[in-house]
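Presented below is the structure to which this report refers.
Quick note on labels: first sequence line is chain A, next is B, and so on, each numbered from 1.
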Protein chains: 2
Amino acid sequence: MDDETAPQKGTVTQRAIERIKAMIGEGRLEPGQRLPTERDLAVQLGISRSSMREAIRALTVLGVLEARHGSGIYVTQLEAGDLLETFGVVADLSRGPQLVELLEIRRILESTATALAAARITPDQLAEVEKHLAAMNATDDPEEILAHDLAFHREIAAAAGNETMAAILEGLSSRTFRARVWRGYQEEGAFARTRREHAAIHRALAARDPEAARAAAAAHVGEVEQWLRAQLGP
Amino acid sequence: MDDETAPQKGTVTQRAIERIKAMIGEGRLEPGQRLPTERDLAVQLGISRSSMREAIRALTVLGVLEARHGSGIYVTQLEAGDLLETFGVVADLSRGPQLVELLEIRRILESTATALAAARITPDQLAEVEKHLAAMNATDDPEEILAHDLAFHREIAAAAGNETMAAILEGLSSRTFRARVWRGYQEEGAFARTRREHAAIHRALAARDPEAARAAAAAHVGEVEQWLRAQLGP
DNA sequence: GGCTCGTAGTGGTCCGACCACCTTGCTGGT
DNA sequence: ACCAGCAAGGTGGTCGGACCACTACGAGCC
């Protein structure tokens, strides 16, 4: 049926990428499964090993495949975390107005996630959130504050019960992204305000009040968003 | 200053990818700018052309670079559309519970985008929306309906004024993603319901009522979401 | 002056060789 | 019989060179 008479569109590497994606989409390749060797795959698709390697490399950076040196090539679990790792690249390379747009998206998703978390969070998860909140308030090292800040929001996103959303928020809070924005933000003595906002979020979670949680999270991200907007304006 | 003494971590290709990303992040490579040739780049980074090509291919699929056969390699405009093209891959390869999570995210973003659009849409944009709405109701060809359905939502997302959000929604409505879900959904005589929902969205936009628009959009996506959730359950 | 066509330079493809690493199974001892 | 250690085969990773396909630009012609 599907013989290998090349349809002659695009580069051979691009075609190879599509073929492998199709194989996974059709279920012929399951998550975690091991693929044939680069050499065999090249023969099967009728292309050179070089071109096949480029296709594999492309699918690797997309989080679809995983190459283990000396062992073989495997399909990832195709979970949100695997596939959305590249989302961080977007955040890292965005500048100016695009950063504001990303923060607007984060505000929307983070407020919803926090609201969901207020309704679903378990005592254990809440304890974890409190741990990071306390650690954040107990130090003055910006590096450590940032780390606990990230963990604080990550824990909340996880409690919302949507792994895909958590993965996107993770990308929107990636280390370099936050570092770039917060460097300037925190210099204006925003520490106190940040602590108040985090406390408000925690209060809403502890009270299991979704609407209060949504408002607190939206205000928290919105503060940074407005600050950044002002930085770009005049 | 920064000599090329290899830090010896990861594969040389991975290192090359990071170096180029860093160059763009630091502003040493501007959007639209032409890069040196593959051969020159390979020499500069002290690696073979093969490895350099893999790095370039990886950055190409990420939407960061663009290779023009016979001309050269260029940095893309680094706009939302360029970088978020890969988001469609996520939607295409997701299955089962993950599809529901993606629809939940789409519901959140689409409802917000529609609300924003209700406040910001121009008469011209509204006319465009109406055109697709009418075309959608004037045919029975599922293929054509789907196309106008996509355009309908795309126009609204554009009117919301956040290009990044529009690009994400575009990925969440990618052709294969919609086709897979809607195939089953529409078979259950959901056409009439869909038309009513689209009409409600349009009514809210024309009335410039953000809250009504938010509710209508959330209900629209929510219907599909609930249907899909039911499909997976028992 | 405008058009055509050749040519230099670019990315695209292929090949073959070697290296670094992991896996496996055999070997040798206890 | 069991296990530690070693050896070989297989795998992805890297390299260099060659050739092809396409684009861009300028010399030459009309």
Find the distance [X]:[atom1] to [N]:[atom2] and express it as a whole number of Å.
X     : N      : atom1 : atom2 : answer
B/L45 : D/dC15 : CG    : P     : 11 Å
A/L41 : C/dC14 : CG    : P     : 14 Å
A/Q14 : C/dT13 : CD    : C1'   : 15 Å
B/M52 : C/dG11 : CE    : P     : 11 Å
B/R34 : D/dT23 : CZ    : P     : 15 Å
A/E54 : C/dG11 : CD    : P     : 12 Å
A/R15 : C/dG12 : CZ    : C1'   : 11 Å
B/I17 : D/dG13 : CD1   : C1'   : 13 Å

Output the distance between atom [atom1] ([X]) and atom [atom2] ([Y]), rounded to the nearest 0.5 Å.
X      : Y      : atom1 : atom2 : answer
B/T194 : B/H220 : OG1   : NE2   : 6.5 Å
A/S51  : B/R57  : OG    : CZ    : 8.0 Å
A/L65  : A/T76  : CG    : OG1   : 7.5 Å
B/E170 : B/R175 : CD    : CZ    : 8.0 Å

Using a heavy-atom cut-off of under 4.0 Å over every strand shown, decide if [X] touches base, sugar-phosphate, or nothing.
X     : answer
B/I56 : nothing
A/S50 : base
B/R68 : sugar-phosphate

Record whether the side chain of B/R57 comes under 3.5 Å of the base of C/dG11 through a donor-acceptor pair of N or O atoms.
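Check fails, no donor-acceptor contact within cut-off.
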
Would you say the side chain of A/R39 and the base of D/dG12 hold a donor-acceptor pair, judged only by whether the two atoms sit under 3.5 Å apart?
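When only heavy-atom distances are counted, A/R39 does reach the base of D/dG12 through a donor-acceptor pair under 3.5 Å.
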
So for atom CG, which belongs to A/D141, do other residues, nucleotides or ligands contribute more than 12 heavy atoms lying within a distance under 6.0 Å?
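Yes, the 6.0 Å shell around CG holds more than 12 heavy atoms from other groups.
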
More than 12 foreign heavy atoms under 6.0 Å from CZ of B/R183: is that the case here?
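Atom CZ in B/R183 is not crowded, with 12 or fewer foreign heavy atoms closer than 6.0 Å.
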
Select one nucleotide: of [options], the one nearest the side-chain heavy atoms of [X].
X     : options                : answer
A/R49 : C/dC14, C/dG11, C/dA17 : C/dA17
B/T11 : D/dT14, C/dG12, C/dT13 : D/dT14
B/T37 : C/dG12, C/dT10, D/dG13 : C/dT10

Map A/S51 and B/D40 onto DNA chain C by nearest heavy atom, then report which one ends up closer to the 5' terminus.
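First, find each residue's nearest nucleotide; the 5'-ward one identifies B/D40.
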
Along DNA chain C (nearest heavy atom to each residue), the more 5'-positioned of B/L35 and A/S48:
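The residue mapped nearer the 5' terminus is B/L35.
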
Residue pair A/H148, A/H198: steps toward the side chain to side chain donor-acceptor pair (under 3.5 Å) verdict
CA-CA 11 Å; A/H148 285 293; A/H198 279 156; over 6 Å; no

Looking at B/R15 and B/E18, is there a salt bridge between them, counting it only when a charged N and a carboxylate O are closer than 4.0 Å?
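No.
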
Near-strand residues of residues 69-77 of chain B, defined as heavy-atom separation under 4.0 angstrom from DNA chain C
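Hits under 4.0 Å, by residue number: B/H69, B/G70, B/S71, B/G72, B/I73.
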
